Amino acid sequence: MSTSAATGPPAGAALRHRLAERGVDRTLLLALPAALAVIALFCYPFLYGLQLSFQPAKGGVFGAYRQFFADPFSRKSVWATFSLAIPASLINVGVSVPISYRMRRDFRGKRLLLALLVVPITLGTVLTAEGILEFYGPAGWFNRTLHLLGLADSPVQLTMNYTGVLLSLIISGFPFAYLLTHSYLSGIHPSLEKAASTLGAGWWQRFRYVTFPLLLPGLMTTFCLSFVMAFAVFPSAMMVGNPNGSTHVISIEAYQAALERFDYAQGSADAMIMTALMLVVLVAVTVLRSRLYRGSTGGKG
């Protein structure tokens, strides 16, 4: 018997076998185009903006960051952003739960209702904002109807303020929240509710003690995705809000610094602050989510 046969396979083959057991093999090359795209479209711009934020014209390395927090108007943009993103995310997730719960069953007109629920995905934020201006504006159909019915003597101000932006975020973000919530609910086997029903539990008890605990981890994931979309609000805040007042969000602060005042270091610093604040919320929700139920029947996707 030869020495190689006695000592086993070559070292290279053994290494490939160990890597394959951990899911590392040639099939990973299929992910190379996506990895290059992520590097080119996200990693490089992010790292370039990060190093640019530490190169302000004055104030030292952290001058741009100190300038942001030293300006009261800039600091208010943090509150304006959170005051829009968190309520919009909570409303979208909260409303999607009862609708998704009802849509699990078959009924007449279900397909039409489903189409109406998801059609805002095709509109985009800009077209949604224009629709809000046309429908809820001072001369829009909503105020005209109120005037014809004698319910309002003067137009109800629903645009160019906080309300208009919140409406836009709800309309554009709800379809994503609904589709995610519906998928998580579909992952909870109906037999669990049936078993609770045979034990005398009503529909509210079944939802509260069986369905909701299993669905909650998925809802927290849905909240994170909805929050990211809402936190990056820009077109709605510009078109149907008050960009120099109540809806002066961080994205507008960064845009004005970089593209109106041509202070790219300050604009990059504003964007980094926005990213850091977003990550704080996402990490907090993720940590809380990890403490919830972890099982094969959980609506975690």
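Model, not experiment: these values are computed from the prediction.
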Hey, can you pull the donor-acceptor pairs under 3.5 Å for the side chains in residues 91-99, sequence neighbours left out?
from, atom 1, to, atom 2, distance (Å)
N92, ND2, A88, O, 3.2
S96, OG, N92, O, 3.3
S96, OG, V93, O, 2.7
S96, OG, T181, OG1, 3.0

Taking the side chain from R289 and the backbone from M220, do they hold a donor-acceptor pair closer than 3.5 Å?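 No; zero donor-acceptor contacts below 3.5 Å.
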
Exam field: side chain T222 to backbone A177, donor-acceptor pair closer than 3.5 Å: no

Are [X] and [Y] close enough that some pair of their side-chain heavy atoms sits under 4.5 Å apart?
X	Y	answer
Y209	R206	no
M160	V240	no
I121	F176	yes
F234	V249	no
F212	L219	yes
P175	P120	yes
T247	N161	no
F135	L167	no

In Å, rounded to the nearest 0.5 Å, how long is the span from [atom1] of [X] to [atom2] of [Y]?
X	Y	atom1	atom2	result
S53	Y65	OG	OH	2.5 Å
N242	N244	CG	CG	6.5 Å
T211	L216	OG1	CG	12.5 Å
L113	R111	CG	CZ	13.5 Å
T128	L123	OG1	CG	4.5 Å
H248	M238	NE2	CE	10.0 Å

Members other than L148 in its cluster, when Ile, Leu, Val, Met, Phe, Trp, Tyr link by side-chain heavy atoms under 4.5 Å?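 Taking Ile, Leu, Val, Met, Phe, Trp and Tyr as members, L148 stands alone, with no cluster partners.
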
By the rule that ILVMFWY residues connect when side-chain heavy atoms come within less than 4.5 angstrom, directly or transitively, which residues belong alongside L36?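 Cluster partners of L36: L32.
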
Kindly give the heavy-atom pair with the smallest separation between [X] and [Y], and that separation in Å.
X	Y	value
S168	S236	OG-OG, 2.6 Å
F207	Y101	CD1-CE1, 3.8 Å
V165	G241	CG2-CA, 3.5 Å
P45	I39	CD-O, 4.1 Å

Under 4.5 Å between side-chain heavy atoms, hopping through other hydrophobics if needed: is there a path connecting [X] to [Y]?
X	Y	result
L116	M103	no
F42	L225	no
L179	L185	no
L84	F174	yes
L117	F107	yes

For [X], check side-chain contact (heavy atoms from CB on, under 4.5 Å) against everything at least two apart and list the hits.
X	value
P87	Y162, L166
A35	none
R144	W141
T159	I132, L133, Y136, P138, Q157

Show which side-chain atoms of residues 271-288 pair as donor or acceptor with protein atoms under 3.5 Å away, not counting sequence neighbours.
from, atom 1, to, atom 2, distance (Å)
T275, OG1, A271, O, 2.9
T286, OG1, L282, O, 2.6

Apply salt bridge (Lys or Arg N to Asp or Glu O under 4.0 Å) to K194 and list each qualifying residue two or more places apart in sequence or on a separate chain.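 Expected list: none.
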
R104 and S186: side-chain donor and acceptor closer than 3.5 Å?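 S186 and R104 do not have a side-chain donor-acceptor pair below 3.5 Å.
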
Just checking, any donor-acceptor pair under 3.5 angstrom between side chains of S226 and S89?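 The criterion, which ignores hydrogens and geometry beyond distance, is not satisfied for S89 and S226.
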
Check against side-chain contact (heavy atoms from CB on, under 4.5 Å), S268 and L50: CA-CA 7 Å; S268 298; L50 180 62; over 6 Å; no

side-chain hydrogen bond (donor to acceptor under 3.5 Å, both in side chains): which pairs involve residues 42-51, sequence neighbours left out? Q51-Q55

Distance-only donor-acceptor hits, side chain of residues 254-267, under 3.5 Å, sequence neighbours excluded:
from, atom 1, to, atom 2, distance (Å)
D263, OD1, Q266, N, 3.2
Q266, NE2, A64, O, 3.0
Q266, NE2, D270, OD1, 2.9

Name the atoms and distances for all side-chain donor-acceptor pairs under 3.5 Å in residues 68-77, with sequence neighbours left out.
from, atom 1, to, atom 2, distance (Å)
D71, OD1, F73, N, 3.2
D71, OD2, S74, OG, 3.1
S74, OG, E253, OE2, 2.8
R75, NH1, F69, O, 2.6
S77, OG, S74, O, 2.4

Between L180 and T221, does a side-chain contact (heavy atoms from CB on, under 4.5 Å) hold up when you go through it step by step? CA-CA 9 Å; L180 287 171; T221 300; over 6 Å; no

